[in-house]
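Heads up: the structure comes next, in structure tokens.
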Amino acid sequence: SAVISQKPSRDICQRGTSLTIQCQVDSQVTMMFWYRQQPGQSLTLIATANQGSEATYESGFVIDKFPISRPNLTFSTLTVSNMSPEDSSIYLCSAQDGYNQPQHFGDGTRLSIL
Amino acid sequence: GENVEQHPSTLSVQEGDSAVIKCTYSDSASNYFPWYKQELGKRPQLIIDIRSNVGEKKDQRIAVTLNKTAKHFSLHITETQPEDSAVYFCAAIGGTSYGKLTFGQGTILTVHP
């Protein structure tokens, strides 16, 4: 399966700042996704990162708050903008090579906002 | 869209016993059902999956069964060991969701030595 590297692994940020999380896959994949996992909770899909076009956001998530880039088939970034304490969470990227294929996750970024 | 319900939320068993976690889904067109194990502070790890054209799949001590008519699928772990203790998530890909996973709420499994 694809190896997915995510960085930073954790960060502590000040309110009102922005942080960009990087996700690198060791092989070309069709699909990349970004999830949020709040402490003790399940995973919630933020958006699908589309290569060469704008990301597709799920209900409750907007581009201004969570801009996403995907310049090629192995790399994506998620920015958490104008952060508030409510954004404290784990952010995970995942990769999948085709519909209905196994989806694998990076180690996640643990984000704390002061 | 797809909705996945998972039960129980917590499950405690003695080492060597079996554990069963059940999930139901809403979209009859869903066709792929993975299970993930997440240990504390680690990534969700795919442990087994099943497609809609298969009723059962087994991999050593773990198995998954799928009932398309009833729209539910289950994870079975036999001969549980303390290292099986983790949070388990079921998920489903809906018929028109283009690969997007919808997760269940998770089950905290504790295996007592």
Side-chain angles (χ1 to χ4, degrees), chain A residues 1-7 9-10 21 23 25 29-51 53 55-61 68 70 73 89-112, chain B residues 1-10 21 23 25 27 29-54 57 59 64 66 73 86-110:
Chain A
S1 62
V3 175
I4 303 168
S5 302
Q6 198 174 326
K7 60 180 181 181
S9 59
R10 59 178 62 232
I21 303 167
C23 182
V25 188
V29 291
T30 308
M31 310 174 80
M32 294 182 74
F33 302 92
W34 287 97
Y35 291 83
R36 183 171 71 184
Q37 187 177 29
Q38 297 182 312
Q41 302 295 313
S42 185
L43 288 80
T44 301
L45 182 64
I46 297 171
T48 303
N50 300 310
Q51 193 265 330
S53 64
T56 305
Y57 290 86
E58 298 301 303
S59 176
F61 298 96
I68 288 170
R70 190 173 173 200
L73 292 176
S89 191
I90 298 171
Y91 293 85
L92 295 134
C93 72
S94 70
Q96 181 176 344
D97 197 18
Y99 298 153
N100 297 344
Q101 295 301 310
Q103 188 171 134
H104 299 283
F105 287 84
D107 284 331
T109 296
R110 185 178 296 272
L111 187 56
S112 299
Chain B
E2 177 67 282
N3 183 51
V4 178
E5 298 287 333
Q6 183 172 345
H7 299 280
S9 56
T10 61
I21 303 170
C23 290
Y25 60 98
D27 185 353
S30 291
N31 47 30
Y32 177 68
F33 307 91
W35 285 88
Y36 290 87
K37 175 184 181 182
Q38 188 176 32
E39 297 177 68
L40 190 62
K42 297 194 174 180
R43 72 176 74 188
Q45 181 183 7
L46 179 68
I47 56 171
I48 197 167
D49 57 9
I50 193 166
R51 301 183 189 283
S52 59
N53 59 346
V54 176
K57 184 177 178 180
D59 183 3
V64 56
L66 172 64
F73 56 112
V87 182
Y88 291 80
F89 293 99
C90 64
I93 291 181
T96 58
S97 64
Y98 301 104
K100 297 185 296 185
L101 287 172
T102 299
F103 281 84
Q105 297 87 343
T107 297
I108 302 171
L109 174 64
T110 304

Identify which part of B/Gln38 has an atom lying under 4.5 Å from any heavy atom of chain A, answering side chain, backbone, both or neither. side chain
Could you pull out the closest heavy-atom pair between B/Phe89 and A/Gln37, with the gap in Å? CZ-NE2, 3.7 Å
Atom CG of B/Leu101 and atom CZ of A/Phe33: how far apart are they, to the nearest 0.5 Å? 7.0 Å
Which region of A/Gln96, side chain (C-beta onward) or backbone (N, CA, C, O), has a non-hydrogen atom less than 4.5 Å from a non-hydrogen atom of chain B, or is it both or neither? side chain
So what's closer than 4.5 Å to chain A heavy atoms on B/Pro44: side chain, backbone, both or neither? both
So how far is it from A/Gln103 CD to B/Asp49 CG, rounded to the nearest 0.5 Å? 11.5 Å
Residue part contacting chain A, namely of B/Tyr36, when any heavy atom lies under 4.5 Å: side chain
What part of A/Leu43 is in contact with chain B, defined as an atom under 4.5 angstrom from a non-hydrogen atom: side chain, backbone, both or neither? both
May I ask you to name which of B/Arg51, B/Gln45, B/Lys42 has the most heavy-atom pairs under 4.5 Å with chain A? B/Arg51
Segment of B/Phe103 engaging chain A (4.5 angstrom heavy-atom cut-off): both
Could you grab the distance from atom SG of A/Cys93 to atom CZ of B/Arg43, nearest 0.5 Å is fine? 9.0 Å
N/O donor-acceptor pair under 3.5 Å between A/Ser42 side chain and B/Gly106 backbone: no
Checking A/Gln41 against chain B: side chain, backbone, both or neither under 4.5 Å from a heavy atom? backbone
